[in-house]
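Mind looking over this structure? Questions follow.
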Amino acid sequence: MSELVDVGVDLGTTVTKAVALGTGGEVRARAAIATQWDAPRPNWAQRDAGTVHGVVDQLLRDVVDRAGDVVVRSVGFASIAETGALVDRGGRAVSPLIAWHDPRGRLQAQDLDPEVAAAFPARTGLPVSSVATLFKLLWLRDEAGCDLGGLQWLSLPELVCHRLGGQRVSERSLLGRTGLWDIHDDTAFAPALAALGVGPEFVPPPVAAGAAVGRIRGDHPVTRARGAVLTIAGHDHLVAAAAVGAGAVGTVCDSIGTAEALVAAVPAPPQPAEVARLVARGLAVYPHVVQATTCLLGALRTGLVLGQALDLLGMSTTDSRFAFDAGASAGVLPARVLVDGLAMGADCVLLEWAEGEDPYAVWAAVLGAARAVVRAELETMRSSGVDVSRLVVTGGWAHLGSVLRSREGLAEDTRRVHLEEPGAAGAALFGRWAATRHPDGTDPSSHQGPHAGWFQGPSA
């Protein structure tokens with residue numbers, strides 16, 4: 001008899017990954033495809049929705065073939081949160097997928113009505129910057145000539161899920177990164193919709209992470225995936241935090257990927273004035289993927305900065321980077337290096353140092369700059385009463401010992417949790433939750449998501 005597997009897909013900025021988990025939680029197969037972006041202009045990054053759909057189909061085919069004699073029970077999707085597309089009434093994407101780090105929308109953020117700009121951080125939990133989806137939507141309207149009438153916004157996982165056969169919905173953690181949602185009233189942020197000139201129907205019905213939103217259509221080319229329950233796991237860093245057991249109140253997850261995310265769970269959103277203070281100090285506040293909690297997120301462009309630093313040092317391949325890391329020492333004195341571009345709202349990465357500097361001293365300086373910002377964001381969490389005594393480090397960059405050492409001492413208990421592809425594995429666990437708790441898939445808006453303890457030992 002064929003074994004059931006739950007498949008998780010992490011639609012990452014650098015790599016798109018899939019993992020198939022057996023009913024006992026073991027990894028049956030993995031697959032990955034490099035994420036390709038087009039650059040119409042310097043610092044721009046975008047993709048065509050059709051290309052993403054093709055990559056997802058190929059990954060499903062690859063991971064099922066490698067898993068052996070299996071049938072897919074569920075498929076869950078996690079992703080970067082701000083990227084998505086405008087879709088028409090038929091669900092067809094009518095705009096490119098613009099990367100979260102693309103600077104488009106910067107002028108729109110600067111020109112936002114002062115009254116809306118003043119209320120925006122307290123109500124949405126986000127800073128006024130080009131990262132939030134709202135400002136890329138304003139750019140699409142103002143500079144790309146996109147008529148928003150009759151359209152809806154879908155984040156990347158929601159778009160992919162819908163194309164596979166799922167209902168058109170908005171998962172709350174992804175929605176919380178758009179600037180279109182009021183985190184206190186749990187409804188669309190009316191001033192944002194007014195700025196766009198759209199009504200509340202622009203945002204599809206909200207659902208919890210792990211809600212069953214449909215099944216893979218019967219004509220999908222991967223026959224063993226047909227009929228699998230579909231779910232949106234949510235924002236990839238939050239999904240990874242839950243998967244490594246760092247989704248509970250009292251633990252901070254430091255997920256270091258292309259972006260670095262410091263993820264803390266609190267029982268409910270702080271009061272608006274406190275949310276505004278936290279945002280001003282570099283944090284974001286929005287719904288967590290863990291049931292009945294709110295996320296405090298400190299986010300940096302760490303992976304982009306580290307990658308560019310190693311490129312400039314001549315370490316552009318995976319093998320060369322690991323070889324370089326093996327020679328790094330904790331005792332190296334950092335060089336004088338200009339490091340700019342760590343903030344999420346930065347337009348680009350700027351690194352400068354004197355000719356002839358020791359490469360390891362340069363690397364130590366770059367790591368030190370990132371550590372200093374992480375430390376400051378953890379202190380901001382502490383100042384709001386968040387317990388950050390336990391820090392769990394995960395993500396692709398944590399495979400480098402020098403990066404991992406740079407996080408030591410930031411909390412009383414700092415540890416690395418090793419889970420290959422935690423975003424994809426976590427998405428598979430959310431798929432398992434959807435398939436076992438909400439198998440009929442009706443009325444996903446009523447579905448509850450998993451609590452933090454469930455990830456310590458979820459049943460099949």
Side-chain angles (χ1 to χ4, degrees), residues 7-11 16 18 46-60 72 74-98 133 136-137 140 146 148 150-178 180-181 188 198 200-222 225-236 239 289 427-428 430-431 434-435 438 440-447 449:
V7 174
V9 180
D10 183 353
L11 302 159
T16 304
Q46 66 184 50
R47 307 174 71 190
D48 177 78
T51 301
V52 178
H53 297 324
V55 167
V56 169
D57 287 348
Q58 184 61 53
L59 279 176
L60 286 175
V72 180
S74 70
V75 183
F77 292 92
S79 180
I80 47 181
E82 297 82 5
T83 296
L86 291 162
V87 297
D88 61 18
R89 289 182 174 86
R92 182 178 64 91
V94 296
S95 68
L97 301 162
I98 302 177
T133 306
K136 288 181 171 55
L137 290 170
L140 285 167
C146 185
L148 303 181
L151 303 182
Q152 283 187 319
W153 170 260
L154 292 179
S155 72
L156 183 52
E158 295 157 1
L159 179 70
V160 170
C161 236
H162 183 51
R163 182 255 180 185
L164 288 172
Q167 298 181 46
R168 200 181 299 187
V169 297
S170 296
E171 188 278 324
R172 279 187 165 84
S173 72
L174 299 172
L175 186 54
R177 297 291 297 175
T178 63
L180 303 175
W181 200 247
V198 299
E201 69 282 354
F202 185 76
V203 178
V207 300
V213 300
R215 293 180 179 271
I216 292 184
R217 63 182 193 275
D219 63 347
H220 192 273
V222 182
R226 293 173 182 173
V229 172
L230 289 163
T231 195
I232 301 154
H235 191 186
D236 52 2
V239 172
V289 298
F430 275 92
H438 311 296
D440 59 0
T442 58
D443 189 18
S445 65
S446 68
H447 295 176

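Each residue takes its place number in the sequence, starting with 1.
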Pair H235-R177, side-chain contact (heavy atoms from CB on, under 4.5 Å): steps then yes or no:
CA-CA 9 Å; H235 191 186; R177 297 291 297 175; 4.1 Å; yes
Given the rule in the side-chain contact (heavy atoms from CB on, under 4.5 Å) test, do V239 and D10 qualify, once you have shown the distances and angles that lead to the verdict?
CA-CA 10 Å; V239 172; D10 183 353; over 6 Å; no
Measuring only between side-chain heavy atoms, which start at C-beta, is D88 closer than 4.5 Å to L151?
yes
Ignoring hydrogens and angles, tell me if any N or O in the side chain of T231 forms a donor-acceptor pair with the backbone of A211 under 3.5 Å.
yes
Hey, are the side chains of L11 and V56 touching, using non-hydrogen atoms and a 4.5 Å cut-off?
yes
Does W181 reach the side chain of S170, with side-chain heavy atoms less than 4.5 Å apart?
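No. Closest side-chain heavy atoms not under 4.5 Å.
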A208 and R172: which non-hydrogen atoms are nearest, and at how many Å?
N-NH1, 3.9 Å
Tell me the closest heavy-atom pair linking P157 and L174, and the distance in Å.
CG-CD1, 3.8 Å
Kindly indicate, with the supporting measurements, whether the criterion side-chain contact (heavy atoms from CB on, under 4.5 Å) is fulfilled by V72 and L60.
CA-CA 10 Å; V72 180; L60 286 175; 5.9 Å; no
Check whether any side-chain heavy atom of T133 sits under 4.5 Å from a side-chain heavy atom of I98, and report yes or no.
no
Does any non-hydrogen side-chain atom of V87 lie less than 4.5 Å from one of R92?
no
For P221 against D57, the heavy-atom pair lying closest together
CG-OD2, 4.5 Å
For P205 versus R168, what's the shortest heavy-atom pair and its separation?
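That would be CD-O, 3.7 Å.
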Counting N and O atoms only, with roles assigned by atom type, does the side chain of E158 sit under 3.5 Å from a partner on the main chain of E171, one being a donor and the other an acceptor?
yes
Without swapping roles, check the side chain of S95 against the backbone of L86 for a donor-acceptor pair under 3.5 Å.
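Side chain of S95 to backbone of L86: a pair is present.
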side-chain contact (heavy atoms from CB on, under 4.5 Å) for V203 and V198? Distances and angles first, verdict last.
CA-CA 10 Å; V203 178; V198 299; over 6 Å; no
Closest non-hydrogen atom pair, L230 against G166
CD1-N, 3.5 Å
Looking only at heavy atoms, what is the nearest atom pair of V213 and V169, with distance?
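Heavy-atom minimum between the residues: CG1-CG2, 3.8 Å.
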For the residue pair R215 and R226, establish whether any side-chain heavy-atom pair is separated by less than 4.5 Å.
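No, too far: nothing below the 4.5 Å cut-off.
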